[in-house]
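Okay, structure first, notes after.
First the proteins, then the strands, lettered A, B, ... as listed; each starts at 1. These figures come from a predicted structure and were not determined experimentally.
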Protein chains: 2
Amino acid sequence: MAGTEQVSASGERGQRPVTLTDVARLAGVSIATASKALNGRDQVAPATRQKVIAAADRLAFSPNPLARGLLAGRTGTVGLLTSDLVGRFVIPILMGAEDAFGAGKINVFLCDARGDAIREQHHLRALLSRRVDGLIVVGERTDPRPSLGKDIPVPVVYAYAPSDDPSDLSLTPDNTTAGRIAVEHLVGSGRTRIAHISGDPGYAAARARAAGIEAALGEAGLERIGDVLFSEWSERWGRDAAALLLTQHPDIDAVVCGSDQIARGVLDTARDFGRAVPEDIAVMGFDNWEVLTTNSRPELTSIDANLQELGRTAAQRVFAALDGVDVGSGTQYLPPRLVIRGSTIARR
Amino acid sequence: MAGTEQVSASGERGQRPVTLTDVARLAGVSIATASKALNGRDQVAPATRQKVIAAADRLAFSPNPLARGLLAGRTGTVGLLTSDLVGRFVIPILMGAEDAFGAGKINVFLCDARGDAIREQHHLRALLSRRVDGLIVVGERTDPRPSLGKDIPVPVVYAYAPSDDPSDLSLTPDNTTAGRIAVEHLVGSGRTRIAHISGDPGYAAARARAAGIEAALGEAGLERIGDVLFSEWSERWGRDAAALLLTQHPDIDAVVCGSDQIARGVLDTARDFGRAVPEDIAVMGFDNWEVLTTNSRPELTSIDANLQELGRTAAQRVFAALDGVDVGSGTQYLPPRLVIRGSTIARR
DNA sequence: TCTGCTGCCGAAAAGCTTTTCGGAACCGTA
DNA sequence: TACGGTTCCGAAAAGCTTTTCGGCAGCAGA
């Protein structure tokens, strides 16, 4: 009536989604031809293809993924099943996966199992019934976790927490190398009397980092000062352990801490004891949790586990497996990265 | 050959998904009857319904949501579009949404726009083309953000960061009340000389909290000690500002901090100045970011924004809107919650 | 001019569920 | 026995895309 044009150029205003039929009608061809033209199949004359593409463009057509998935068996979706309650690991992994998938081609269903096996099963079933093309399972610690089993009809990659079944594919940070890198950095900057405070020895991460630290110390011809102090992953423990250490071994010149939280505690105690960091004592942590590392005084040197890279790799593996490529199995360890800040090297 | 049974009781081993046709065949009815029986429609004899349910159970049948969505127009999926890079807000909101949706009924596509409008548009289009039933948009600060616009064919709820268009529905923490609660807690525990250190005044959260603090101070008949110290959201600023404050106003007995990070810095400086917390000075923060609040000495009293509740509410609103209920518009403010720890009340 | 081939296009089926509507069986009543 | 009404069940269509295959037209060669 009062319309300024007969047909809205921008397509239906969201009322009824544009279908391939609409495109075909506008282009004056059959839906079969329209489909082939848009999908780059080769049984279409160039002129016809152009007509169809123009029509699709004009209607802002986007194919219905449900119909496409119904037929193709592929849905273009991936499930991310996590138990990481605070999102410290899963967010970078999600970002890496999005990068690898190429934003928009694939979308990610994120489900939080909250560490509950029942809920995990529930989500797993829901994801499978949605016909996700693949699964990435993210745990909150690097200890092996129960496998989802073999009778899952889509590729599964375990990220951060490896599966306990060696026939699954798992990607996890190389904490042994991380420990080694930490010591090499300290030794390289002139430290010789190095102590080690860690967290809960029930964590594989604590043990692996410790192993790397021991190995690197040995290779440098150094002895660890004092025992490895294991307890829990908290600043409080870092403070208490540092107090113990500084009392028993006043001559240490570096402390490798099992996590950034512990390192924060150590920094506090060093201050209480009147030891300057990094001049008297170097302190470093693991995880490179920015809210902790960039806010301390001085800022904290740490080892970053490259989680975004891990997520990207996991996504690539899922993709490759989908395309029938053999992506192998077992646990693959991804190299960490040293991030140097003021707690180990004095600013000029 | 060597099979111990003719037919696997547990259904196809993930090879070909079980379809309704399989169920109908096993139950000896038509697919139409099977569908009606499973969906609780009332044109089915009880005995027949039982037969069908038993068959479905035995085959572990779950309806293909693609086919269902194709027909119904609803997909049972919701898009969560975030710009929250560290996941501090989006993870609790996701968890709340999962709670509200009832795990499994609805699944959530999580997309991270990383603060990039282009990427956000990209993800938005992808989500719409997947026919999500609704959208929740999560921002990383409580300042109004650009609306996605009106021509989105599904309900949209903005969470944490409200939309700048008042005809959209937004849910955001009530930071004014948060500030008020903070002061009331301090006053209620006997503090009278209260100072305020905040973060970047460009943030609506900083201004709203400050407004609530001023109002509550006035109602209590108190004057704020010193100016509100605005600068940035960091521990460093908390340390520096506290030093300034303690020098200029040595007689303060409480500091309200604009964030937990700032409060952590204030705790450090108080210690440096030899002031006991909470005996000499009470300190509190906002956000209740656990890694910060439960690791400090003493542990930090904070105001929790109830993000999980916010996520739950957002999901409920999306649901209600889907069912045609008018969920209103404009920005709705959700009440925060006081979490008392040792930095304001001495342990007995 | 006729045959055969190539190049394009379109009809139709497949993929799975839900819903509508027609029809069959059964019961009770006239 | 015949008929009306109720109760269930099943055939079929709709929802949208992709793929297969048949067919038509046009062209070249005989």
Side-chain angles (χ1 to χ4, degrees), chain A residues 11-12 15-53 55-56 59-77 105 128-133 153, chain B residues 11-12 15-53 55-56 59-77 105 128-133 153:
Chain A
E12 330 285 301
Q15 306 296 12
R16 193 177 57 78
V18 178
T19 85
L20 187 57
T21 308
D22 302 325
V23 175
R25 183 163 36 217
L26 181 60
V29 299
S30 76
I31 55 171
T33 303
S35 173
K36 280 180 290 195
L38 294 176
N39 293 335
R41 319 283 308 169
D42 58 350
Q43 304 232 320
V44 175
T48 310
R49 188 187 304 277
Q50 272 316 312
K51 253 192 322 186
V52 173
I53 290 177
L59 295 177
F61 168 75
S62 79
N64 185 330
L66 282 70
R68 174 178 273 173
L70 184 56
L71 191 57
R74 287 217 191 164
T75 54
T77 61
K105 294 287 298 173
L128 290 180
S129 91
R130 284 204 188 279
R131 309 293 194 270
V132 292
D133 294 336
Chain B
E12 329 286 304
Q15 307 297 13
R16 194 176 58 80
V18 177
T19 84
L20 188 56
T21 308
D22 301 325
V23 175
R25 183 164 34 217
L26 180 59
V29 298
S30 76
I31 55 171
T33 304
S35 172
K36 280 181 288 195
L38 293 176
N39 293 336
R41 319 283 309 170
D42 58 352
Q43 304 233 324
V44 171
T48 310
R49 188 186 305 276
Q50 273 313 314
K51 251 191 325 187
V52 173
I53 290 177
L59 296 177
F61 168 74
S62 79
N64 185 330
L66 281 70
R68 175 180 270 173
L70 183 58
L71 191 56
R74 286 214 192 165
T75 54
T77 61
K105 295 287 297 172
L128 290 180
S129 90
R130 283 204 189 280
R131 308 296 194 270
V132 292
D133 293 336

> Given side chains that start at C-beta, do those of B/L38 and B/L20 come closer than 4.5 Å, heavy atoms only?
Replying inline: yes
> Quick check: does any side chain N or O of B/R49 sit under 3.5 Å from a backbone N or O of B/D42, one acting as donor and the other as acceptor?
Replying inline: no
> Hey, is the main chain of B/V23 close enough, under 3.5 Å, to the side chain of B/R25 for a donor-acceptor pair?
Replying inline: no
> Atom CZ of B/R41 and atom C1' of D/dG10: how far apart are they, to the nearest Å?
Replying inline: 16 Å
> Looking at B/R131 and A/P65, what are the two nearest heavy atoms and their distance?
Replying inline: NH1-CD, 4.5 Å
>> Given C/dG10, C/dT18, D/dT17, identify the nucleotide with an atom nearest to the side chain of A/A67.
In response: D/dT17
> To the side chain of A/R68, which of C/dG10, D/dC9, D/dT17 is closest?
Replying inline: D/dT17
> Hey, is the side chain of A/T19 poking within less than 4.0 Å of OP1 or OP2 on D/dC16, counting only N and O atoms?
Replying inline: no
> In whole Å, what is the span from the CG atom of A/L71 to the C1' atom of D/dA14?
Replying inline: 16 Å
> Among C/dC9, D/dT18, C/dG10, which is the nearest nucleotide to the side chain of A/A32?
Replying inline: C/dG10
>> Can you measure A/R25 atom CZ to C/dG10 atom C1' for me and round it to whole angstrom units?
In response: 16 Å
> Whole Å only: how far is the CG atom of A/L20 from the P atom of D/dG15?
Replying inline: 15 Å
> If you pin B/V29 and A/N39 to their nearest nucleotides in DNA chain D, which one's is more 5'?
Replying inline: B/V29
>> Can you measure B/R130 atom CZ to D/dC16 atom C1' for me and round it to whole angstrom units?
In response: 15 Å
>> Nearest whole Å is fine: how far is D/dT6 C1' from B/D42 CG?
In response: 13 Å
> Closer than 4.0 Å, any side-chain N/O of A/N64 to the OP1 or OP2 of D/dG15?
Replying inline: no
> Is the phosphate of D/dC9, meaning OP1 or OP2, less than 4.0 Å from a side-chain N or O of B/T33?
Replying inline: no
> Can you check the A/L38 CG to D/dC16 P distance for me, whole Å?
Replying inline: 16 Å
> Are any non-hydrogen side-chain atoms of A/T19 and A/N64 less than 4.5 angstrom apart?
Replying inline: no
> Nearest to the side chain of B/A45 - D/dC8, D/dG15, D/dT18?
Replying inline: D/dC8
> Once you round it to whole Å, what is the distance between C1' of D/dT19 and CD of A/Q43?
Replying inline: 10 Å
